[in-house]
There are 2 protein chains.
Amino acid sequence: MAATGRLERVMPIGALAERTGVKVETIRYYEQVGLLPPPERSEGNQRRYGRRHAERLAFIKHARDLGFAVDAIRTLLRLSDTPGIACDEAHAISVAHLGEVRDKIARLRSLERELERIATTCSGGVAACDCAIIEALADHGQCNHDHH
Amino acid sequence: MAATGRLERVMPIGALAERTGVKVETIRYYEQVGLLPPPERSEGNQRRYGRRHAERLAFIKHARDLGFAVDAIRTLLRLSDTPGIACDEAHAISVAHLGEVRDKIARLRSLERELERIATTCSGGVAACDCAIIEALADHGQCNHDHH
DNA sequence: TCTATGGCTATAGTGACTATAGCTTTATGG
DNA sequence: CCATAAAGCTATAGTCACTATAGCCATAGA
């Protein structure tokens, strides 16, 4: 008895992992650090997940893929559980993160340019070279680039 | 006696740190992991560095600033100690690293675009919003972007 | 000689997982 | 109905490249 609905949506951790693309160990880790609430357990103490967990984990994965820190995600999740005034804070978090991403892009671009310079100075195989790459690394003065 | 030259170039770890912009703790860490050879010690067991160490540390710092992994730097340093055939391998390392940097830039650009979309959908403060940012994170289907 | 500053070692903490060891549970086929 | 293989469990340690702490010792300048 106690009919559980037409479709049994409950699944073990491996199925959730496969469905969301998050590794089993990582799911357990997210539970441990309080991102994912502890699910029900089977008689034999194994985790059993439902649709809600799958959705929450998808949220977490998406945010992590976007580079949000676990701590920021904790806040975003809290906001998503409190639909009222969520917007302002969520907006601030995204904007701050966007700023960080843009910073990182700018820094990587400047590294790209210097690496290009370094890597093309000596194209390898040349006997007379001893070695431009290593010299470039040794002598920062050659580079007009401020790694801050 | 035992004249040490016109100029005493020997310095303690703090001076080396200041000169190179690498923190004291990080210098000791580099020694521990075998990037920087153990220097001479004073009577009282304090590290005393010379020009060679400063140069090697500058090499390490520059390479780290460029995003080379400590392991890659170990190889580059080995190559720079073996001037003969160094070039090919150094070139390969730089080119591989340049590839990684370009990958990272591409991924960050696509994140930038999605974050822009997310952050501008709801500009904050709007009462009717509940909340576009959080919905965007919850529903990956909205995003035409493949985080791989 | 006193003292402020700096240096020493050893150990633990960071973030976000990942891996391992040594068990127990569950699903499936005979 | 039971054996077995696959999957799950906990607890702990390892990863990378540092960073921080505690508690002690050395050095330089007044």
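Below, read A as the first sequence line, B as the second, and so on, with proteins coming before strands; counting in each chain starts at 1.
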P39(A) and side chain to side chain contact (heavy atoms under 4.5 Å, CB included): which single residue from R48(A), Q46(A), E31(A) fits?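 Among the candidates, only E31(A) passes.
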
Got a donor-acceptor contact below 3.5 angstrom from the R51(B) side chain to the V10(B) backbone?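 No; zero donor-acceptor contacts below 3.5 Å.
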
Between E116(A) and R102(B), is there a salt bridge with N-O shorter than 4.0 Å? yes

For the pair made of CE in M11(A) and P in dT26(C), what is the distance, rounded to whole Å? 18 Å

Whole angstroms only, please: what is the CD1-C1' distance between I27(A) and dA16(C)?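 So the CD1-C1' distance, I27(A) to dA16(C), works out to 15 Å.
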
Does Y29(A) have any ring-ring contact (aromatic ring centres under 6.0 Å, His included) partners at least two apart in sequence or in another chain, and if so, which? none

With sequence neighbours left out, which residue pairs that include part of residues 38-57 of chain A fulfil the ring pair (Phe, Tyr, Trp, His ring centres under 6.0 Å) condition?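 Matches after skipping sequence neighbours: Y49(A)-H53(A).
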
Could you encode protein contacts along nucleotides 10-30 of chain D as a string, one character per nucleotide from 5' to 3', using B for base contact, S for sugar-phosphate-only contact and - for no contact, with a heavy-atom cut-off of under 4.0 Å? B------BBS------SS---

